[in-house]
Amino acid sequence: MNLVILRGALARPPEVRDLRSGDVVVEYDVVVPGPEGAPAEHVPVVWFAPPSGAAELEPESAVVVVGRVRRRFFRSGGSTQSRTEVVADKVIPARRAKAAERAVLDALGQAEDAFIAPAA
């Protein structure tokens with residue numbers, strides 16, 4: 001199972017990109033606290049086909065992200081490069097506490113089901 005749950009703050013305004021396929025993606029830079037005594041970590045997050053308003057979050061807005069981690073490879077400047085990022089299923093402003101809690105509990109329920117259910 002590939003599950004990521006983040007709680008952090010936006011480091012910069014969201015960026016909206018139109019893909020060649022016609023799809024839209026919103027990119028976030030989410031800053032999460034590091035382990036005790038460690039510096040904060042910047043986590044790149046992408047959200048494909050997000051709902052309207054997804055790009056209206058302000059820098060320093062606290063958010064909860066539920067999704068999965070992926071590593072993608074691409075060609076740039078004649079060489080192959082890679083990027084590890086979180087692909088969001090949901091990005092919820094933390095001020096919407098009930099919705100954020102519901103998203104996290106749903107994700108944890110899916111994780112529990114995956115580990116309890118016998119492997120097929």
Residue among Ile5, Asp106, Val64 satisfying side chain to side chain contact (heavy atoms under 4.5 Å, CB included) with Lys90:
Asp106
Under 4.5 Å between side-chain heavy atoms, hopping through other hydrophobics if needed: is there a path connecting Val86 to Phe48?
no
List the steps, then state whether side chain to side chain contact (heavy atoms under 4.5 Å, CB included) holds for Val24 with Leu19.
CA-CA 6 Å; Val24 173; Leu19 303 176; over 6 Å; no
Ala99 and Ile92 have their tightest heavy-atom pair at O-CD1, 3.6 Å
Looking at residues at least two apart in the chain, or sitting in another chain, which of them share a salt bridge (Lys or Arg N to Asp or Glu O under 4.0 Å) with Arg96?
none
If hydrophobic clusters are built by linking Ile, Leu, Val, Met, Phe, Trp and Tyr wherever their side-chain heavy atoms come under 4.5 Å apart, do Val16 and Leu57 end up in the same one?
yes
Check: Tyr28 and Val63 side chains under 4.5 Å, non-hydrogen atoms
no
Is a side-chain donor or acceptor of Asp23 paired with a backbone partner of Ala49 at a separation under 3.5 angstrom?
no
Under the salt bridge (Lys or Arg N to Asp or Glu O under 4.0 Å) rule, collect the residues that match up with Arg83, sequence neighbours excluded.
Glu85
Only residue of Val87, Val25, Val91 satisfying side chain to side chain contact (heavy atoms under 4.5 Å, CB included) with Trp47 is Val91
Flag side-chain contact, heavy atom, 4.5 Å: Val104 against Arg7:
no
Does Val32 belong to the same Ile/Leu/Val/Met/Phe/Trp/Tyr cluster as Leu3, with side-chain heavy atoms less than 4.5 Å apart forming each link?
no
Can you give me the closest heavy-atom contact between Ser82 and Phe74, atom names plus distance?
C-CE2, 4.0 Å
Is it true that Val65 and Val4 fall in one hydrophobic cluster, defined by side-chain heavy atoms closer than 4.5 Å?
yes
According to a 4.5 Å side-chain heavy-atom criterion applied to Ile, Leu, Val, Met, Phe, Trp and Tyr, with indirect links allowed, do Val30 and Val46 form part of one hydrophobic cluster?
no
Assess whether atom CD of Gln81 is packed by more than 12 heavy atoms of other residues, nucleotides or ligands within 6.0 Å.
yes
